[in-house]
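Computed from a predicted model, the values in this text were never measured in an experiment. Whatever order the structure lists ligands and atoms in, that order sets their numbers, starting from 1.
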Amino acid sequence: MIHSRIVGTGSHLPEKILTNFDLEKMVDTTDEWIRTRTGIERRHIAADGETTVDLAEHAARRACEAAGIKPTDVDFIAFGTTTPDLVFPNCGTLLQERLGCRGVPAFSVETACAGFMYALSIADKYVRCGDSKRALVVGAETLSRITDWSDRSTAILFADGAGAVVLAPSEEAGIVSTHLHSDGFYKDLLYCGSGVSKGFGEGKPLLSISMAGSEVFKVAVTTLGKAVDEALGVNGLGRGDIDWLVPHQANIRIIQAMARKLDLPLERVVITVQDHGNTSAASVPMALDVAVRDGRIKRGDLLLLEAFGGGFTWGSALIRY
Ligand code: UT7
């Protein structure tokens with residue numbers, strides 16, 4: 001039986017930092033409100049002309065380097081994003097051209113903040129069935145492009161960044177299980193109203209993210225709680241068996257609720273929301289990379305990754321790192 005295992009991680013943040021104090025000058029808000037309600041202190045914003053694939057390329061090269069492979073060795077690219085550079089070619093293919101791994105399958109999945117979890121789950125299956133030996137999985141976003149910077153309810157949350165992992169075959173379980181879900185009945189609670197077939201441009205502006213924050217919050221806590229139970233239950237594990245929770249970085253209060261659910265002290269939770277804000281599909285792979293590189297996450301640790309986003313879409317992965 002072949003398993004897949006994470007053999008390298010990488011991430012990249014744009015240079016420009018926007019602090020809560022900067023936002024105080026832009027909208028009617030305070031650093032205190034943002035920190036206490038969300039946990040966010042600062043976030044990174046892409047420069048003019050800097051794209052999702054620009055950020056992803058840096059993260060992907062770092063992940064390849066950590067995996068000890070050349071970017072041209074990559075044989076499969078799954079790319080989670082909701083803020084693509086172009087309508088097509090997809091971001092996976094645009095990244096492939098930069099990395100030089102011509103001819104291999106490359107595609108994007110647009111499942112909002114759960115984009116990386118979906119991409120990871122698909123890549124895991126390709127590796128396990130023997131069709132990929134060096135799969136690159138990316139989550140990258142430039143959410144600043146679809147954020148209304150005059151709307152205090154969303155401008156304080158969203159940000160830009162990219163994270164990536166390389167998966168390779170292994171005799172021992174690395175990715176133990178992945179669990180994906182969606183429920184389109186919640187489509188009106190969190191969405192970006194522009195789209196190709198609905199039309200934008202030519203007098204119709206690109207619309208920004210709309211979110212019923214407190215309603216999303218409540219569903220996120222309940223749904224992620226069930227996702228955590230599912231990942232543990234399927235694997236016959238209990239609360240307390242997890243070494244590290246690597247959660248979607250949307251709100252510190254949601255993260256704290258998941259830590260309580262898992263009986264984990266916050267010291268065993270990778271928290272980057274204070275520095276990264278909510279980077280949607282990029283948030284989980286960036287948090288993973290931070291904790292791998294600073295030495296907190298070690299080989300053999302049992303990790304639980306989870307994410308929840310617009311759709312709603314959500315997913316979790318139990319991983320023996
Ligand atoms: O990643 C995808 C999934 N997304 C999420 O998981 C996000 C989930 N939601 C959240 O994180 C939180 O709901 C928010 C951080 C967005 C909002 O926090 P909240 O505690 O749910 O606040 P609220 O929306 O209920 O608003 C409370 C008050 C309101 O004022 P009133 O009606 O009580 O007078 C808002 O107008 O806070 C006000 N408010 C603000 N005040 C200062 C809303 N935004 C701000 C702001 N600064 N930026």
Side-chain angles (χ1 to χ4, degrees), residues 18-43 80-83 109-118 139-144 146-161 163 180-184 186-192 208-228 245-259 261 271-274 276-287 305-316:
L18 188 71
T19 66
N20 291 351
F21 298 104
D22 295 326
L23 279 159
E24 282 184 354
K25 296 179 199 128
M26 296 161 64
V27 287
D28 180 17
T29 191
T30 61
D31 167 62
E32 212 259 331
W33 192 97
I34 303 171
R35 269 190 296 108
T36 50
R37 297 287 181 125
T38 71
I40 301 169
E41 294 171 23
R42 62 192 70 79
R43 72 285 289 143
T81 188
T82 322
T83 46
V109 282
E110 44 155 339
T111 48
C113 301
F116 176 78
M117 305 308 302
Y118 270 69
E141 302 278 11
T142 43
L143 281 190
S144 59
I146 51 166
T147 299
D148 178 351
W149 292 102
S150 64
D151 172 8
R152 69 176 183 173
S153 68
T154 51
I156 56 146
L157 299 172
F158 298 113
D160 304 334
L180 303 180
H181 298 280
S182 63
D183 189 345
Y186 289 106
K187 66 182 183 350
D188 297 330
L189 292 187
L190 175 53
Y191 63 93
C192 175
S208 310
I209 299 170
S210 266
M211 180 168 77
S214 55
E215 288 171 67
V216 175
F217 185 97
K218 284 178 217 142
V219 185
V221 170
T222 319
T223 307
L224 284 172
K226 287 186 196 149
V228 163
L245 173 64
V246 188
H248 176 43
Q249 310 285 324
N251 187 312
I252 189 68
R253 292 180 291 141
I254 301 178
I255 295 172
Q256 286 162 342
M258 289 313 110
K261 173 103 195 146
I271 302 174
T272 54
V273 70
Q274 69 283 0
H276 295 175
N278 183 346
T279 57
S280 184
S283 98
V284 171
M286 285 208 294
L305 278 51
E306 44 86 338
F308 177 90
F312 292 137
T313 54
W314 65 98
S316 63

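- Residues Phe312 and Trp314 come closest through the heavy atom pair O-CZ3, 3.7 Å.
- A heavy-atom distance below 4.5 Å is not found between the side chains of Val27 and Trp149.
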May I have the N/O to N/O pairs between ligand 1 and the protein that fall below 3.5 Å, each with atom names and distance to one decimal?
residue	atom	partner	partner atom	Å
ligand 1	1 (O)	His248	NE2	2.9
ligand 1	1 (O)	Asn278	ND2	2.7
ligand 1	9 (N)	Gly213	O	3.1
ligand 1	11 (O)	Asn251	ND2	2.7
ligand 1	13 (O)	Gly213	O	3.0
ligand 1	13 (O)	Ser214	N	3.4
ligand 1	20 (O)	Arg37	NH1	2.8
ligand 1	20 (O)	Arg253	NH2	3.0
ligand 1	22 (O)	Arg37	NH1	3.4
ligand 1	36 (O)	Arg152	NH2	2.9
ligand 1	37 (O)	Trp33	NE1	3.4
ligand 1	41 (N)	Trp33	NE1	3.4
ligand 1	41 (N)	Arg152	NH1	3.4
ligand 1	47 (N)	Thr29	OG1	2.7
ligand 1	48 (N)	Thr29	OG1	3.1
ligand 1	48 (N)	Arg152	O	3.0

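- Every side-chain contact (heavy atoms from CB on, under 4.5 Å) that Ala281 has, sequence neighbours left out, goes to Glu141.
- No side-chain donor from either of Asn251 and Thr38 sits under 3.5 Å from a side-chain acceptor of the other.
- Residue-environment remark: CD (Glu24) exceeds the threshold of 12 foreign heavy atoms within 6.0 Å.
- Side chain of Thr313 to backbone of Gly310: a donor-acceptor contact under 3.5 angstrom is found.
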